[in-house]
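Order of the sequence lines sets the chain letters (A, B, ...), proteins ahead of strands, with each chain counted from 1.
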Protein chains: 2
Amino acid sequence: MKEGPDIARIGTLFGDPARANMLTALMGGQALTATELAQAAGVTVQTASSHLSKLEEGGILAQRKQGRHRYFTLADAAAGALLENIMGFAASRGHLRHRPGPKDPALRKARVCYDHLAGDYGVRMLDSFVARGAIESDGENLAMTAEGRAELDTLGIDVAALTSSRRPLCKSCLDWSERRSHLAGTLGKALLAHFLEKGWARRSGESRAVLFTPEGERKFLALFPTG
Amino acid sequence: MKEGPDIARIGTLFGDPARANMLTALMGGQALTATELAQAAGVTVQTASSHLSKLEEGGILAQRKQGRHRYFTLADAAAGALLENIMGFAASRGHLRHRPGPKDPALRKARVCYDHLAGDYGVRMLDSFVARGAIESDGENLAMTAEGRAELDTLGIDVAALTSSRRPLCKSCLDWSERRSHLAGTLGKALLAHFLEKGWARRSGESRAVLFTPEGERKFLALFPTG
DNA sequence: TTCATACTTCGATCGTAACCGAAGCATCTT
DNA sequence: AAGATGCTTCGGTTACGATCGAAGTATGAA
């Protein structure tokens, strides 16, 4: 009868393949219905329902009723961060389910990781920020510099508003296709939102891929040159 | 047949109570033998052996043969960090196994969390650093200031050497007894080592408790005054 | 009202993995 | 060499939980 946080309970919740599939699907950041999640997990809706109630009770998922649909999302940023952490750890140990990274080249290039940009483009963005001194990196820990704040300001991103949250502004997130870090945190989220809003890119309907327009791609690459 | 990191595998490894007990025991930072871990988990050595080989194969534990003993430790800082993350998440959702925090008052006051100081004293130390501007906090993200570096220098802690590692210098870690953050990262590790080396405190042989001497306690409290 | 859709609950089956006793291997002691 | 200690492997039992069919509830459409 030990004391302490119930690690095993959390582990069990992440430890079932069907639940893991659902959570991975929700890393796209979009709310999904029970039926969609059942399909993503490859199980019947009855089974999915059981899994979803467990995940909700465990505080990993939140649900929102809307008509006869039930939309599920990750409960909060902490749940997303934990999920990212586990994915990164699994990838770092070579625990991949099939191949070292997504087969779909679009996914490999740019995709959503919970609420920010991952893949080749995500890695490039962070690298570029660090190279020009906009972000300082102590290994994994990231901090925004004054130059960085000024630069983002000209882009029209209100850094001050982003720091008010309890969630960190900059956070590194290990990319499982690139095996390098990309930018998470409220800034990562804001930047992705910015790209989508400006019409540089749009979310693929089905997958987690982020599809850049030729114009958007040109601007993105100009904004984030490689070292 | 989905692509991506195998979350479920990691989850399963953390998801068994016996394994979770072993990992919790290893959060003390000390290497433990298979027999000791079996006792900590409340299972026979046969069962423990099976669990340990799974954890090792999963990249969470590392073992070192020494004579007829086999010493197990957490594989690396990443494994420790993930464990801390899960513990913090579980605590934040109220998933505690018995009571809200350790029963043992010594554990509640000061204990080892993988390799740094947790509990009341750990929280106090971080709070004090932040209050005096030695560490800046963007929510959860921590960064050392120039003043902080100077102060640690006078304490005899070589901050430059600590930043060379790929592991972050400062990292916040959610305390499951205090439900507030304490200081992890290479600095957290170095500070605990400093206290032990100076004879201000010593590790309890059995538990994860850190026992301060009256003299050490006086110095610690003077060094880290409350707001 | 009647039908359709979205989801949950119930009940039963089945597979997997945790568990331990017994036996086996390795290392140290005497 | 003989015995003791630390750990692993094997085999068989057992329990838990993932799964799905069937039936039940809620919301919306006709």
[X] [atom1] - [N] [atom2] separation (whole Å):
| X | N | atom1 | atom2 | value |
| --- | --- | --- | --- | --- |
| B:E36 | D:dT5 | CD | C1' | 14 Å |
| A:F14 | D:dA18 | CZ | C1' | 19 Å |
| B:L37 | D:dT8 | CG | C1' | 15 Å |
| A:Y71 | C:dT5 | OH | C1' | 13 Å |
| B:F72 | D:dT8 | CZ | C1' | 10 Å |
| A:Q63 | C:dA6 | CD | C1' | 12 Å |
| A:H69 | D:dA29 | NE2 | C1' | 12 Å |
| A:N21 | D:dT19 | CG | C1' | 15 Å |

So, [X] versus [Y]: side-chain donor-acceptor pair below 3.5 Å or not?
| X | Y | result |
| --- | --- | --- |
| A:T44 | A:T47 | yes |
| A:E56 | A:S53 | no |
| B:T213 | B:E215 | no |

Could you tell me whether the side chain of [Y] reaches within less than 4.5 Å of the side chain of [X], counting heavy atoms only?
| X | Y | answer |
| --- | --- | --- |
| A:L162 | A:I157 | yes |
| B:L191 | B:L117 | no |
| B:M27 | B:C113 | yes |

Where does the angle between the aromatic ring planes of B:F220 and B:Y121 fall among parallel (under 30°), tilted (30 to 60°) and perpendicular (over 60°)?
-> parallel
Classify the ring geometry between B:F195 and B:F212 as parallel (under 30°), tilted (30 to 60°) or perpendicular (over 60°).
-> tilted
Using the 3.5 Å cut-off, write out each protein N or O paired with an N or O of nucleotides 28-30 of chain C and the distance between them.
none

Of the nucleotides D:dT8, C:dT8, C:dC7, which has the atom closest to the B:V45 side chain?
-> D:dT8
Evaluate the salt bridge (charged side-chain N to carboxylate O under 4.0 Å, His left out) criterion for residues B:K109 and B:E217: first the C-alpha distance (whole Å), next the side-chain angles of each, then the deciding distance (0.1 Å), finally the verdict.
-> CA-CA 11 Å; B:K109 182 173 169 186; B:E217 182 152 349; 3.2 Å; yes
Please tabulate, one pair per line, each protein N/O and nucleotide N/O from nucleotides 13-20 of chain C that are separated by under 3.5 Å, including the distance.
| from | atom 1 | to | atom 2 | distance (Å) |
| --- | --- | --- | --- | --- |
| C:dA18 | OP1 | B:R19 | NH2 | 3.1 |
| C:dA18 | OP2 | B:K54 | NZ | 2.6 |
| C:dA18 | O5' | B:D16 | OD1 | 3.4 |
| C:dC19 | OP2 | B:H51 | NE2 | 2.6 |
| C:dC20 | OP2 | B:T44 | N | 3.2 |
| C:dC20 | OP2 | B:T44 | OG1 | 3.2 |
| C:dC20 | OP2 | B:T47 | OG1 | 3.0 |

Which residue lies toward the 5' end of DNA chain D, B:R70 or A:K65, if each is placed at its nearest nucleotide?
-> B:R70
Yes or no on salt bridge (charged side-chain N to carboxylate O under 4.0 Å, His left out) for B:R180 and B:D127, after CA distance, side-chain angles and deciding distance?
-> CA-CA 10 Å; B:R180 295 173 58 199; B:D127 283 351; 2.3 Å; yes
Indicate, with a heavy-atom threshold strictly under 4.0 Å, whether B:S53 touches base, sugar-phosphate, or nothing.
-> nothing
Bend angle of the helix from C:dT1-D:dA30 to C:dT30-D:dA1 from five-pair axes at both ends, rounded to 10°?
-> 20°
Test side chain to side chain contact (heavy atoms under 4.5 Å, CB included) applied to B:R19 and B:T12, B:L52, B:T24, the passing residue = B:T12
